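Single-structure report; data block below.
All values below were derived from every heavy atom in this structure, side-chain atoms included, with hydrogens, water molecules and symmetry-related copies excluded. In the text below, chain A, chain B and the rest are named by the order of the sequence lines, each starting its count at 1. Quick caveat: nothing in here was measured; it's all calculated off a predicted structure.
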Amino acid sequence: MSETAEATAVAKEPKEPLFSAKNRRLLSDPLNDDNPITIQVLGICSALAITVQVKQAVVMSLSVLVVMIGANLIVSALRNLIPSRVRIIVQLVIVAALVILVDQVLKAYVYDVSKQLSVFVGLIITNCIIMGRLEAFALGNKLWPSFLDAIGNAAGYGWILIAVAFVRELFGSGKVWGFQVIPDSFYDFGYYNNGLMILPPMALITVGIIIWIQRSRNTKLIEEN
Amino acid sequence: MSNAIHKFLENNVKPNFDEGGKFEKFLPAYDALETFLFVPGHTTNGKGSHIRDGIDMKRTMIMVVLAMVPALLFGMWNTGYQHFLATGEAYTFMDAFLYGALKVLPLVVVSYAAGLGVEFIFAIINKHQVAEGFLVSGMLIPLCLPVEIPLWMVAAATIFAVIIGKEVFGGTGMNILNVALTARAFLFFAYPTWMSGDKVWIGGGMDESVAYADGSTGATILAQATEKSSGFVDASGAAYGDSFMASFLGMIPGSVGETSTLAIMIGAAILLITGIASWKIMFSGVLGAYVMGLLFNLWGANPFMEVPAHMHLVIGGFAFGIVFMATDPVSAAQTSTGKYIYGFLIGFLGIMIRVFNPAYPEGIMLAILFMNVMAPLIDHYVLEANIKRRQKRTMAVAA
């Protein structure tokens, strides 16, 4: 993949400022041009399942951020020690260990959200974005770029998740972060919450609309026929 | 007279919209209105070998809208009839019709305004002509909704259906789903309290100030069939004497345009005589529903399964869906064999969902949407089979 090619180039350069243009792009690309959800279409299951409320989406994004930073750093540190034949299972063990840690922390401090997220915290293990970054980036890069890459991708994942959750919670239950936003007077006038927003199909359509807006604004993404 | 108006438009108004004119941007909007009112002046030039037919897509669409008029008029009367039946007031034929017209016309106006508004905006942004497709969808949407549905919900659903059901796929002729049914499905899942129950189907039913006669029920026959085994009752609480006749004529609660199978059959006749709708889809659809009905009769595990097969053809939205929605030429199967399969499965699955799942009494809506999605697959296999057959034939000849 292109990332690995780019990666070897980075590794060979002797000294590089911490926030060189290349490193800054590791942070900014996943937010737009190379977004894990809208461009690479990875991690869609969780984007559909836990975007009913903003709070869940934020907690989920933070969990993924923590797991991703940890996994990218550990794999990057061990990258010359991991035999390439068993690398997938090693990566899985690392990610699984981190997910269990995150799950325990969530259960201890935000029990209610942890209950709502149910299996989806555990399923971070199978989140394609994390495995994808480990394979494509952390295995061939030093610690610092891997760290930035993790933050960039987790943020790219997170902002889509939170945007979708915002739309769904606002129209689906008239709330944001659990607080009533749409005033009672609207309901008195005959406004009703949109039940379809709560159902998974609407998450898919909302993601689709985000992709639509993104592609129409960003000409780089339009393929030639 | 109309010629003079057309000439005036061509000479004095149109230049403003042509290239370099004042309103150049709005040419699509102007063009849409002009061709809507007048048959476009495209003619074959001297050298052409094909004759251009004066009947363009707009004229075709108008025929479909005309075919829906009987159902619309009957729906207006029935809305008033159900209302007066429920309140127990005295009424004349005109009272009922006018009451219904006042209830139904706003739905039609809102549906057209919202849908055409979106179409015009997209036409201007994309610089193409306004497509005609919405002329039919705009009429179908109010006809397949309960009369008491709030107008803003109709507008929201129409906008959703036109954008998500049609424009994202490339506009008229490219939609994979029937637009009107997309709007109905949106409302069904988004605002279930306004799409089911026993009040929404009757004019004034959701207005609590209207007094109802005791013991009246406005539940549709489908809802009644899932709830209880004993015969069907009408809004005044009296049992439908001959429920087959009542359903066939359409004097029952239901969505605006779908109650009267008779009115729908008049529309079906218009569509079939003019050759606009496919008789293959209609025929195989009815057959599919009847076969499924018979199978359920044989099974007979619950009262709904024992509803006679011919009853299934006249109750609920089956007739309306199979005549006006399943035959949508864009979202239906395109191949001849494919049309039989497509129609049959719509009827078959529609009745199956209706009987098996009491939460979704309008199975026909879900069946048509499902088969819309499956239509390209059916076409693909029909084509493959045809290619294989012909290949075999040429091989046989060659050998």
Side-chain angles (χ1 to χ4, degrees), chain A residues 37-39 41 44 47-49 51-53 160 163-176 181-219 221-225, chain B residues 106 110 118 121-122 125-127 145-146 148-171 174-177 181-197 199-200 205-209 359-360 365-366 369-370 372-373:
Chain A
I37 293 185
T38 62
I39 306 298
V41 199
I44 286 289
L48 302 192
T51 49
V52 178
Q53 290 170 8
I160 299 287
V164 174
F166 178 79
V167 173
R168 287 182 74 191
E169 193 178 358
L170 181 64
F171 291 108
S173 38
K175 296 175 183 169
V176 171
V181 184
I182 294 179
D184 284 343
S185 54
F186 275 44
Y187 292 96
D188 295 340
F189 269 112
Y191 177 81
Y192 274 78
N193 287 328
N194 189 323
L196 188 59
M197 277 287 174
I198 308 283
L199 303 173
M202 212 54 196
L204 191 70
I205 291 172
T206 315
V207 172
I209 291 172
I210 292 176
I211 294 178
W212 184 15
I213 296 170
Q214 189 186 19
R215 294 181 77 95
S216 62
R217 289 172 65 96
N218 192 339
T219 47
L221 300 174
I222 300 170
E223 307 94 341
E224 284 168 29
N225 286 323
Chain B
V110 167
V118 175
I121 291 169
F122 270 87
I125 293 175
N126 294 337
K127 301 194 180 62
L145 296 180
E148 279 294 291
I149 190 121
L151 294 176
W152 70 268
M153 287 183 188
V154 179
T158 309
I159 292 169
F160 174 85
V162 173
I163 294 179
I164 300 298
K166 193 158 88 170
E167 290 301 336
V168 293
F169 294 107
M174 314 288 272
N175 46 314
I176 54 169
L177 297 174
L181 274 184
T182 312
R184 193 181 199 280
F186 175 84
L187 288 172
F188 185 81
F189 289 105
Y191 307 108
T193 46
W194 290 91
M195 292 294 285
S196 56
K199 293 269 163 67
V200 284
M206 289 306 251
D207 185 358
E208 277 157 21
S209 59
Y360 300 145
M365 165 182 87
L366 300 167
L369 285 174
F370 180 70
N372 279 169
V373 177

Chain A contact via L187(B) - which portion, at a heavy-atom distance below 4.5 Å:
neither
Using only the distance criterion (under 3.5 Å, no hydrogens considered), which donor-acceptor pairs connect chain B with chain A?
| unit_1 | atom_1 | unit_2 | atom_2 | d |
| --- | --- | --- | --- | --- |
| W152(B) | NE1 | G190(A) | O | 3.1 |
| F189(B) | O | L196(A) | N | 3.4 |
| A190(B) | O | G195(A) | N | 2.6 |

What residues form a ring pair (Phe, Tyr, Trp, His ring centres under 6.0 Å) with F160(B), not counting sequence neighbours?
F186(B)
With heavy-atom distances below 4.5 Å as the criterion, would you say the side chains of I209(A) and I164(B) are in contact?
yes
List the residues meeting side-chain contact (heavy atoms from CB on, under 4.5 Å) with V176(A), not counting sequence neighbours, and say none if there are none.
V54(A), F166(A), L170(A), V181(A)
Donor-acceptor contacts under 3.5 Å from residues 198-205 of chain A side chains, at least two apart:
none

